[in-house]
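In what follows, chains are A, B, ... by sequence order, proteins preceding strands, each numbered from 1.
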Amino acid sequence: MSLFRDAQRATLVSPDLDPSDLPRLQAFWKLSQKYDDRLQASIREISASVPGLAAIVDQIAPEQQEAERAESLRLQDAAINQGDWVPYLRRMHDLGTQYAQLGMSFSDWMSLAHGWLMAIVDIARDAYDQGDPAAMDAVQGANRFAGIAMAAIGESYLATKEEVIVRQQEAISELSTPVLQVADHLLVMPMVGGIDTHRARELTETMLHAIRDRRAHAVVIDVTGVPIVDSRVATHLLQAVEAGRLMGARVIVTGISAEIAMTMVSMGANLPGVPTAGDLQAGLELAQRYLADLPGGGPET
Amino acid sequence: MTVPVLSLDGILIAPVQTELSDEGWVRLREELLRKVGDRKASGAVLDLSGLELVDSYAGRVLVGIAQALSLRGAHTVIAGLHPDVAFTMVHLGMDLRGIETALDLEDAYVRLRRRRRQAGRGHG
């Protein structure tokens, strides 16, 4: 059961209810209204006992908490008793986003949801003992209601968390393909970490744009910090070197360790025609000699 | 669209401002070959900074131009390729390793001037 007409744009739709759902939902509503104080006390207990939740609840002023609770009840009423689900679902959707942005963990949220349900079950058991004929229906209604609410909260919670992760990955990417200008017309790109196809593409694009923007004639790509340089990585490096050359820059690769060099050769993955140097220092010297030889690359004559 | 081929002190300059058709590339090659003789040019710069795309036909023509001009004593440099164009060309597997390259027209021109000076000294 998806509550979204279109997952991408999160257009909310009313849940598909069975004929048996409505009377159960209404029984749940009546029970929760009758024992509202007890239910609120249970929820406060749960929030206080889960450290992650307590921290979040503390951030909201009591008056605002009360106002939000009243609003939630009003929307629940409209959903269950008048069939107007969308405003309630929209609110649950917003709640999910809020939880994710506040950094609530998935397990803490589960504790809250589970605790709420258990509180209802407790109340229903007591009601049953006192002869309330609708107690069982109320429990089933609570289950159904919780399923609907949790689906709405869960989807937006996850979507928000994914957005955060994507933004973090982009930030890491930016940090991980630095371009340093160490002298006129000379750039250094110290690579750290694995180079997969995606990163190789980024590395090459960043390098090419930097060549143009900083008017570079030489680039030293240092792979000392790259743990695996296999034939795929070697191909990526070859492509970067040639693309740089098409823009008039000499691209030098440094930092291939002795072990990696032997592995590459045994795999037939060497870098034919690519200027290399043992370490970054040697690579910089090579680059500077090359630049000095260029017309206009060294000091003005 | 015809590319004007200018001559500046023995070096030809061909600014390619927009995409060329296959025929356009062929006309450019013919014009360069003609002018290299007329002007006794020692070098040619093909400024490709106006191109958003270099397809495989254009790539082959560029290599052909460099080879033909070389047979007539002129050295070719292509310049001004946009980062995205260079990226795409390499990933399409185009092989332009026979041609010298430069960041822009000015770099290319200065390089050809120096090359001629050095060649002149060699013969002197």
Side-chain angles (χ1 to χ4, degrees), chain A residues 177 179 181 184-187 189 197-219 221 232 234-251 253 271-275 287 290-301, chain B residues 9 11 16 42-43 45-56 58-60 62-63 66 75-121:
Chain A
T177 49
V179 180
Q181 177 153 13
D184 281 347
H185 309 295
L186 175 53
L187 302 177
M189 297 186 68
T197 304
H198 172 74
R199 234 185 129 202
R201 192 191 169 94
E202 259 176 32
L203 149 71
T204 306
E205 281 178 354
T206 304
M207 180 190 74
L208 295 176
H209 282 273
I211 288 172
R212 183 188 56 171
D213 296 341
R214 322 228 199 152
R215 304 190 52 77
H217 294 142
V219 179
I221 299 179
R232 241 197 333 248
T235 305
H236 292 318
L237 289 172
L238 268 171
Q239 288 177 332
V241 168
E242 178 57 15
R245 192 195 78 84
L246 284 176
M247 291 187 66
R250 176 100 155 218
V251 182
V253 178
L271 296 169
V274 173
Y290 168 75
L291 287 174
D293 271 348
L294 285 180
E300 298 299 332
T301 44
Chain B
D9 195 18
I11 291 170
V16 183
S42 62
V45 180
L46 272 58
D47 180 2
L48 306 180
S49 53
L51 294 181
E52 285 177 5
L53 166 69
V54 174
D55 64 22
S56 48
R60 285 198 297 276
L62 285 168
V63 173
H75 188 73
T76 308
V77 179
I78 60 176
L81 278 174
H82 187 274
D84 296 338
V85 177
F87 185 89
T88 307
M89 287 167 74
V90 165
H91 282 79
L92 287 178
M94 289 173 59
D95 184 0
L96 265 69
R97 278 173 300 179
I99 312 185
E100 188 172 332
T101 57
L103 182 64
D104 57 22
L105 192 156
E106 185 179 339
D107 270 3
Y109 184 78
V110 165
R111 208 180 290 183
L112 285 169
R113 286 283 299 263
R114 195 174 93 140
R115 198 187 153 92
R116 184 176 65 195
R117 262 203 315 276
Q118 287 176 334
R121 278 201 290 275

**OP:** Could you have a look at A:E242, A:H209, A:R245 and say which one has the most heavy-atom pairs with chain B under 4.5 angstrom?
**Re:** A:R245
Subject >> Shortest non-hydrogen contact between B:H82 and A:M247, atoms and distance >> reply: C-SD, 4.5 Å
**OP:** Count the heavy atoms belonging to other residues, nucleotides or ligands that lie under 6.0 Å from CD of B:E106, then report whether that count exceeds 12.
**Re:** no
Subject >> A:R232 atom CZ: more than 12 heavy-atom contacts under 6.0 Å >> reply: no
**OP:** Can you tell which part of A:I211 gets under 4.5 Å to a heavy atom of chain B, answering side chain, backbone, both or neither?
**Re:** both
**OP:** Please report the closest heavy-atom contact between B:L81 and A:L246, naming both atoms and the distance.
**Re:** CD1-O, 3.5 Å
**OP:** Could you have a look at B:D84, B:I78, B:V77 and say which one has the most heavy-atom pairs with chain A under 4.5 angstrom?
**Re:** B:D84
Original post:
B:D107 and A:R215: which non-hydrogen atoms are nearest, and at how many Å?
Top reply: OD1-NH2, 3.8 Å
Original post:
At their closest point, which heavy atom of B:A86 faces which heavy atom of A:A243, and how far apart are they?
Top reply: CB-O, 3.8 Å
Original post:
Side chain, backbone, both or neither: which part of B:D104 has a non-hydrogen atom closer than 4.5 Å to chain A?
Top reply: side chain
Subject >> Option that, when pairs with chain A are counted at under 4.5 Å, heavy atom only, ranks first among B:R115, B:R97, B:M89 >> reply: B:R97
Original post:
What do you reckon, is CZ of B:R116 surrounded by more than 12 foreign heavy atoms closer than 6.0 Å?
Top reply: yes
